[in-house]
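To find a chain, count down the sequence lines: A is the first, B the second, and so on, and within it residues start at 1.
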Amino acid sequence: MTDTQPDARFDPGQADARWQRAWDEAGTFTADSNSPRPKSYVLEMFPYPSGRIHIGHVRNYTMGDVLARYKRMQGFEVLHPMGWDAFGMPAENAAMEKGVHPGGWTRQNIAAMKAQLKRIGFALDWSREIATCDPEYYGHEQALFLDLYEAGLVYRRQSEVNWDPVDMTVLANEQVIDGRGWRSGAMVERRKLDQWFLKITDFAEELLDGLGKLESWPERVRLMQENWIGKSTGLEFRFELSNGERLPVYTTRPDTIFGASFVAVAPDHPVAQGVAMNNCDAAKFIELCKRGGTTAAELETAEKLGFDTGIGARHPFTGEYLPVFIANFVLMDYGTGAIMAVPGHDQRDYDFASKYGLPIPRVIAGSIEQAGLPLAGEAEPGAKDDGGVCVNSQFLDGMRVDDAKAMVIARAENEGWGEGKTVWRLRDWGVSRQRYWGTPIPFIHCPACGVVPVPKDQLPVTLPEDVSFEVPGNPLLRHPTWKHTQCPQCGSKAERETDTLDTFVDSSWYFLRFASQPADRPFDPEEVAKWLPVEQYIGGIEHAILHLLYARFWTRALQRIGKIDFAEPFASLFTQGMVTHETYSRREDGREVFYSPDEVERRSESAVLAADGAPLEIGRVIKMSKSKKNVVDPDDIIERFGADAVRWFMLSDSPPERDLPWSESGIEGCARFTQRLWRLFGQYDADAQGRDQALTRKMHQTIAAVAADIEALSFNKAVARIYELTSAAEKAAPTAARSEAIAALMLLCAPMMPHLAEEAWHANGFEGLIADAPWPEFDPALLVEDEVTIAVQHMGKLRDTVTARKGASKDELEALALASEKVRRSLGDAPVRKIIVVPDRLVNIVS
RNA sequence: GCGGGUGUGGCGGAACGGUAGACGCCGGGGACUUAAAAUCCCCUGUCCUUUGGACGUCCGGGUUCGAGUCCCGGCACCCGCACCA
């Protein structure tokens, strides 16, 4: 090396900023959609601008960055953009707590977080930066929303919300704690409002079928979406009620119809409402059900409660009258809002029947002989693939579950009291939010013309800036002038819609806007076609269902109305794990007080509070959160260790889909490794002479393996490979082969530790930026070893290892194994009965 | 409650059904140094008295010449559950 002393240390404090500037000035990461190179679109889920970049963001974006840089080195024109999911509740909360404007607060956060991201040296095309709170962005979103409206995919209907009667505001589920408003503490009420919906259910079948083609999505995400969409086939049929009405119910298990011992309806079912009109106990019961949260988790964990309406429902086969209950575990949103309950074979029905002393007959058993077998204290599911047959079921007795289902449906259809039906769990997407900080829904309510869309040439409908959060309620609703306007159709006085869109709408098309940003349209279809679908999308598993399903829906909807010509936005998906940290706490005045890592002195087996030297309890390793104070600040650690050490830590050790436990000693080890590499890079000698076959072979193997590992996103394995080649190169004699290996290491590290790689590349006199250098080639002939180690087992237990020529025959390996003294000792006098030989791997002797 | 996942040394993890523990961290010992830092070398799953052996991948069963890996049944923890993003 020419201008660096061998013992000089790598100084990230200077190098990081220098190379970040160099990339900026050269426009290295600006994506050119007219480039002749093949295109690659690498995208990470954009962050909510909460104020500071979280270490979890750093991990997410480091993974995408390594892939983006690697793809560039492989000759791709890479689009790797970044933006801000900038609408949402925290900005309004900040406004209420600190008296700041949500817009100002958000823009300040964006500036701070952008500076943080720049310090990590991400290869991002900042020229395409988007913030969803910019009128330029949400105006186009309003236009798309109107397009979907024209296509009949948008409608209004009544829907329930959590209403806080004290704060006079709608609460999000997370703002309802034990049935009370988080701020006011008032009992939350359910209130019906007119709200906007998107017809995602129109696409249920397509969204389900499409999953099958997403081969590069994690299996578990596809499974979760499949279950969420929840296609089921069953029977919808009508009970004749003792009051003369008819009650439609839906069941997926018509084969168990003889096990029905009661009928249950949802508290908001018309039958329940009807009973409540003349029966104040029923009305009280319904009120009771409406208390408490609206979430599925709460409803399903709540104690099963029912109210006997006194109505009877006539069983279509037996003619017997079953009692009709109002029950809190029946959902109005699913099926018909009423069920036939089969306690013998459904756990919820079982719990309910046990509580109210209703019969629990068995109608499914392993065989017809087991008809009299009692149920073992819980419901037996009686799945279709375990050979269950119908029992105690008249004409169904002895039939297999599948056949019985078909038979019951056929009888119902013949006799005219029911029919086979497909039902979906998926519900339409409610997008109305009664909040200020979101995209205004571009509609006008005219007393004469009704609901009228805002003409496109009047978009965007912008948010008013002069709003106050001191008074409870929606600022848009209270604003003195904003909502008052004229009807675009008749010109008379009218009011703007004051609901804003769910922020999931914002994130349902941002990946299109990144690819193409015309001023007059949401995107240009040709430009979009060049980049989309996203080749690799990376984000948290917490988005496995909602965000990813909504984005898939939105893309398909745009395809249906001819805006784009592809159905799936993300070809490949990766869900990364969280960054975790142990917690430090102690009891003070009877409650647990947490301390942050920088207040703590961590010893090998204990931790003490630096301030007073008293011991602290080391808690479990859990997700970093402010309340547990187990957070580390990215800026802080970059300042101490440099961007490359932090990036390296994010990639090392833990597989990317699993949680990564933060540790001080881990990051220190990474920082040490940057210096170790730097010393090795300093030993590059362009004039060195001589061969080193073993090292050359190792180099080629490493180049191939690191490439494969990066493409599989197995960064921890790529890191391990780089450690191995580093050790080998350090130990090797100074030959031309060694210099070649050192240069290869610079290139292999370039996507992961770009500042260090650039610095070494430059210091050793290489031309240009390493970010622009091609990925090194490898010789496939050098990947295979010519000698292999063969494991020799006796009865499956390892006794010896022997060395053999690669590709040695079974007979040769057998002879080698039997010649081993350790094997002969283990064998003793026992006769050899069988020998299993796995070529190039092992020999197992069975005696 | 329902749906989905995870579980391997002191710690993070590696391992086409085929040598369990690659690689890193921690720890121990040594070298260099007046000393320290930095750096380098060696050791490091548990147990048994050794050359050597036994036991070991959350627990209990099973399939197989051979199971961390496949099957059945548990346990623990994590994610999601439709207005958090």
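- Contact annotation for A/Gly430: backbone-only contact, meaning every heavy-atom pair under 4.0 Å involves sugar-phosphate atoms and none involves a base.
- Using a 4.0 Å heavy-atom distance criterion, A/Lys717 is classed as a sugar-phosphate-only contact.
- A distance of 6.0 Å or more separates the ring centres of A/Phe681 and A/Phe10.
- Using a 4.0 Å cut-off between charged side-chain N and carboxylate O, A/Glu821 and A/Arg824 make no salt bridge.
- With rounding to whole Å, A/Asn60 atom CG is found 18 Å from B/rA85 atom P.
- Residue A/Met89 has its side chain nearest to B/rC84 when only B/rC83, B/rC84, B/rC79 are considered.
- Summarising the base pairing, B/rC23 is matched to B/rG12 through a Watson-Crick or G-U wobble pair whose two defining distances lie under 3.5 Å.
- The nucleotide whose nearest atom lies closest to any side-chain atom of A/Val170 is, among B/rC83, B/rC81, B/rG13, B/rC83.
- Rounded to whole angstrom, the span from the CD atom of A/Glu542 across to the C1' atom of B/rG4 amounts to 14 Å.
- Taking only side-chain atoms of A/Val161, from C-beta outward, the nucleotide of B/rC83, B/rC40, B/rC78 with the closest atom is B/rC83.
- A close approach under 4.0 Å does occur between a side-chain nitrogen or oxygen of A/Arg841 and OP1 or OP2 of B/rU19.
- Separating the CH2 atom of A/Trp424 from the P atom of B/rA82 is a distance of 21 Å, rounded to the nearest angstrom.
- Atom CD1 in A/Ile177 sits roughly 12 Å away from atom C1' in B/rC84 (whole-Å rounding).
- For a distance-only test at 3.5 Å, the side chain of A/Asn227 fails to qualify as a donor-acceptor partner of the base of B/rG3.
- Within 4.0 Å of A/Ala297, counting heavy atoms only, lies at least one base atom of the nucleic acid.
- The listed nucleotides are B/rC78, B/rG13, B/rC81; the one nearest the side chain of A/Pro655 is B/rG13.
- If you check B/rU6 for Watson-Crick or wobble pairing at under 3.5 angstrom, you find it paired to B/rA76.
- The residue A/Thr801 sits close to a base: some heavy atom pair falls under 4.0 Å.
- Separation of the A/Tyr723 and A/Trp648 ring centroids falls under the 6.0 Å cut-off.
- Heavy atoms of A/Gln195 sit under 4.0 angstrom from at least one base atom.
- Note on A/Thr789: a base of the nucleic acid sits closer than 4.0 angstrom, heavy atoms only.
- In this structure, the nucleotide among B/rC83, B/rU19, B/rC81 sitting nearest to the side chain of A/Ala296 is B/rC81.
- When each of B/rA82, B/rG13, B/rG1 is scored by its nearest atom to the side-chain atoms of A/Thr301, the top-ranked nucleotide is B/rG1.
- A tilted orientation is assigned to the rings of A/Phe329 and A/Phe352, their planes being inclined by 30° to 60°.
- Counting non-hydrogen atoms under 4.0 angstrom, A/Ser432 reaches a base of the nucleic acid.
- Pairing of B/rG1, defined by two Watson-Crick or G-U wobble distances under 3.5 Å, is identified with B/rC81.
- The residues A/Glu92 and A/Arg433 are annotated as not salt-bridged, no charged nitrogen and carboxylate oxygen being separated by less than 4.0 angstrom.
- For the C1' atom pair drawn from B/rC65 and B/rG60, the interatomic distance equals 24 Å after rounding to whole Å.
- Within 4.0 Å (heavy atoms only), A/His547 reaches no atom of the nucleic acid at all.
- Across all strands shown, A/Trp429 has no heavy atoms under 4.0 Å from either base or sugar-phosphate atoms.
- In this structure, CZ of A/Arg435 is placed 10 Å from C1' of B/rC84, rounded to the nearest angstrom.
- Using the six-membered ring where Trp is involved, A/His543 and A/His547 have ring planes that are perpendicular, over 60° apart on the 30 and 60° scheme.
- Using C1' as the reference atom, B/rU8 and B/rA20 are 8 Å apart when rounded to the nearest Å.
- Within the structure, every side-chain polar atom (N or O) of A/Arg220 is placed at least 4.0 Å from both OP1 and OP2 of B/rG5.
- Pairing for B/rG45 is with B/rC55, a Watson-Crick or G-U wobble pair whose two hydrogen-bonding atom distances lie under 3.5 Å.
- Comparing B/rC23, B/rG13, B/rC16 against the side chain of A/Val838 picks out B/rC16 as the nearest.
- Nucleic acid contact for A/Arg672: sugar-phosphate only, since backbone atoms but no base atoms lie under 4.0 Å from a heavy atom of the residue.
- Along RNA chain B, the nucleotide nearest A/Glu300 and the nucleotide nearest A/Glu730 are compared for position; the residue whose nucleotide lies closer to the 5' end is A/Glu300.
- Taking every side-chain heavy atom of A/Leu426 into account, B/rA82 is the closest of B/rC83, B/rC79, B/rA82.
- No engagement by A/Phe329 is indicated, since no non-hydrogen atom pair under 4.0 Å with the nucleic acid exists.
- With rounding to the nearest 0.5 Å, the separation of CG in A/Asp840 from NZ in A/Lys806 is 4.5 Å.
- Among B/rU6, B/rG53, B/rC55, the nucleotide with an atom closest to any side-chain atom of A/Lys797 is B/rC55.
- The side chain of A/Asn716 places no N or O atom within less than 4.0 Å of a non-bridging phosphate oxygen (OP1 or OP2) of B/rG12.
- For the residue pair A/Thr500/A/Tyr138, the side-chain donor-acceptor check at 3.5 Å is not satisfied.
- Across all strands, A/Gln175 comes closer than 4.0 Å to no nucleic acid atom at all (heavy-atom distances).
- Glycosidic conformation of B/rG28 is anti; the angle lies outside 90° of 0.
- Within the nucleic acid shown, A/Gln434 comes within 4.0 Å of at least one base atom, counting heavy atoms only.
- Which of B/rA82, B/rU6, B/rC26 sits closest to the side chain of A/Arg658 comes down to B/rU6.
- At a threshold of 4.0 angstrom between heavy atoms, the contacts of A/Arg799 are confined to the sugar-phosphate backbone, with no base atom among them.
- For A/Asn844 against B/rC65, a side-chain-to-base donor-acceptor contact under 3.5 Å is present.
- Using cut-offs of 30° and 60° for the angle between ring planes, the A/Trp437 and A/Phe87 rings count as perpendicular.
- Base pairing analysis places B/rC65 opposite B/rG18; the two distances defining the Watson-Crick or G-U wobble pair are each below 3.5 Å.
- The nucleotide B/rA36 finds no pairing partner, because no Watson-Crick or G-U wobble arrangement with both distances shorter than 3.5 Å includes it.
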